[in-house]
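Per chain, numbering begins at 1; letters A, B, ... match sequence-line order.
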Protein chains: 2
Amino acid sequence: MKILDCTLRDGGYYTEWDFSKEVVEKYFKSFNDLPVDYLEIGYRSNPMREYLGEYFYCPQYVLEQAHTLSNKKLVVILNEKDVRPEHVPALLTPCVGIISMVRIALDPEQLSRALVLAEAIKKMGFEVGFNVMYMSKWKQYSAFLDELKYVDAVADYFYMVDSYGGVYPKDVVETIDLVKQRTACKIGFHGHNNLELALINSLTAVEHGAAMIDATVTGMGRGAGNLKTELLLTALNSRADVKVDFNALSNVVDAFEKLQEHYGWGTNLPYMVSGANSLPQKDVMEWVTKRFYSFNSIIRALHNQKEKIEDN
Amino acid sequence: MKILDCTLRDGGYYTEWDFSKEVVEKYFKSFNDLPVDYLEIGYRSNPMREYLGEYFYCPQYVLEQAHTLSNKKLVVILNEKDVRPEHVPALLTPCVGIISMVRIALDPEQLSRALVLAEAIKKMGFEVGFNVMYMSKWKQYSAFLDELKYVDAVADYFYMVDSYGGVYPKDVVETIDLVKQRTACKIGFHGHNNLELALINSLTAVEHGAAMIDATVTGMGRGAGNLKTELLLTALNSRADVKVDFNALSNVVDAFEKLQEHYGWGTNLPYMVSGANSLPQKDVMEWVTKRFYSFNSIIRALHNQKEKIEDN
């Protein structure tokens with residue numbers, strides 16, 4: 001199995017994709033000594049109106065700095081909803097020779113459009129990964145399921161993303177089977193930790209044939225966050241004899257724990273409720289981080305959402 | 001299945017068993033509206049030299065206050081290593097009419113001694129629970145396994161305690177089978193969260209016939225802490241249609257989250273390493289809470305312990 005760490009990309013949801021020079025250096029240098037295969041450093045994006053930092057765009061100097069500091073395969077991700085094939089040359093030419101894999105984050109309802117995008121990326125020589133959201137709902141999307149047979153022609157990894165953080169190990173197994181019946185593409189798993197199931201879901205995915213797992217240091221990532229890289233490595237170290245340099249690991253954990261004290265990611269009751277009931281955590285994240293609403297009112301709002309009663 | 005919340009008992013490891021009047025009142029009143037069956041309020045203990053607070057001794061006024069505030073079945077626990085049958089009348093007479101169940105925390109190597117203690121407790125009319133530590137090592141204790149056949153004569157619940165926080169769902173299943181072959185006693189599970197496996201281990205235990213699960217609010221408990229009561233209730237609410245009053249739940253979570261900001265329980269890299277390698281978390285807890293050692297030196301010490309090299 002392979003491991004992809006996407007701390008800078010997914011953690012950017014808390015820092016608006018800006019990280020200090022010290023954190024970035026510690027990040028890349030520590031990972032040079034850790035058994036992780038890919039580092040996803042950020043998005044490549046067309047200009048947006050709102051302020052979004054360095055790792056949302058990964059301009060040339062960011063790419064080159066990462067390339068200088070890291071001995072790992074580097075990855076960038078594109079938001080499918082914002083990128084069309086005609087944008088690909090401008091977005092990815094600066095990545096040639098630096099970036100190994102380009103991932104596409106997509107809604108399963110846009111798979112046919114994403115297949116065309118993937119083809120354009122593949123032609124430039126990159127490995128291609130699909131990060132497909134809402135795995136808990138895939139069974140409902142018959143067009144998506146029908147098109148899965150075209151995936152292995154253009155993609156190297158097909159990721160199942162537990163967007164709500166609400167799947168259980170048995171759901172992981174079921175979804176892997178669903179995918180395996182339709183494509184020979186290597187499978188990846190990107191877990192969220194709302195119900196503290198990210199580790200067991202990831203290990204279950206690997207047991208059932210997944211070839212790559214995503215994780216982030218301290219679980220830094222949107223909403224309740226991701227599988228913690230340090231937890232995955234510690235578990236693998238004791239179970240599967242993966243060599244881990246715990247000095248390097250605790251160095252990088254230390255850097256992000258300091259950020260966590262400020263931003264406070266991780267699961268809590270509102271994220272648990274959103275995960276358990278497959279409610280979007282984007283809203284919850286806004287409510288929780290603004291600390292404007294009491295947990296009580298957040299929980300009440302979530303329950304109203306579940307019962308489709310409009311919030312006051 | 002039944003749920004036992006042991007926040008005051010297990011959380012006492014962080015507060016030396018003292019809790020403010022406000023927290024205690026919020027605790028009992030919130031649980032009156034929650035689908036939890038038992039509340040374990042603390043230890044009953046013979047006098048000790050070091051300072052240990054109210055919920056380590058549960059004197060008469062603490063018992064009566066709990067009885068007044070709570071509509072739940074109340075539980076106290078005895079440390080088997082410190083209690084002999086001759087102490088039972090003095091320790092438990094004040095509990096008669098107030099406490100429903102008395103649990104015994106024990107080392108599996110002391111099961112024969114604990115059976116005698118349990119008999120004395122049972123005679124006083126209490127339900128009896130065994131909380132047996134080190135479940136990951138039980139296979140090695142043949143005398144313990146041989147004596148399991150005597151358990152159902154004196155105990156109502158036989159708890160498997162994941163002392164190191166290092167067991168996986170498959171270990172839970174294996175250990176339940178081990179126990180079921182030897183006793184008809186109802187089985188309980190007390191999980192620790194070092195590897196964030198407390199929820200899945202507990203749900204797995206229930207699937208395989210466990211009758212009761214322990215949890216604590218915010219996971220408050222020794223070392224990395226326990227299964228979080230709010231996580232268990234939220235998961236059960238969405239999976240098994242258990243009715244949860246989320247206002248009551250978020251009220252009690254809120255009270256303990258404020259304590260957590262101060263004491264900082266929960267898992268982290270040192271607890272992950274100790275859990276994954278079945279190392280005692282008592283030492284780690286001291287190192288972590290004193291904040292005197294860097295995480296690096298803690299990890300190094302743990303690895304030395306694992307390899308039986310003496311620490312400097």
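A distance of 9.0 Å separates OG1 of A:Thr267 from CD of B:Glu230, quoted to the nearest 0.5 Å. Considering CG of A:Asn201 and CD1 of B:Ile200, their distance stands at 7.0 Å, rounded to 0.5 Å. Here NZ of B:Lys228 is found 3.5 Å from CD of A:Glu196. Values are rounded to the nearest 0.5 Å.
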For side chain to side chain contact (heavy atoms under 4.5 Å, CB included), just list the numbers for B:Glu257 and A:Asn268, CA-CA rounded to whole Å, side-chain angles, deciding distance to a tenth of an Å, and then say yes or no. CA-CA 10 Å; B:Glu257 272 179 344; A:Asn268 58 34; 4.2 Å; yes
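For B:Leu195, the parts lying under 4.5 angstrom from a heavy atom of chain A are both the backbone and the side chain. B:Leu233 does not touch chain A: none of its heavy atoms, backbone or side chain, sits under 4.5 Å away. For B:Leu197, the part lying under 4.5 angstrom from a heavy atom of chain A is the side chain only. Interface residue A:Asn193: only side-chain heavy atoms are found under 4.5 Å from chain B.
The two residues A:Thr234 and B:Leu269 make their nearest non-hydrogen contact at OG1-CD1, 3.5 Å.
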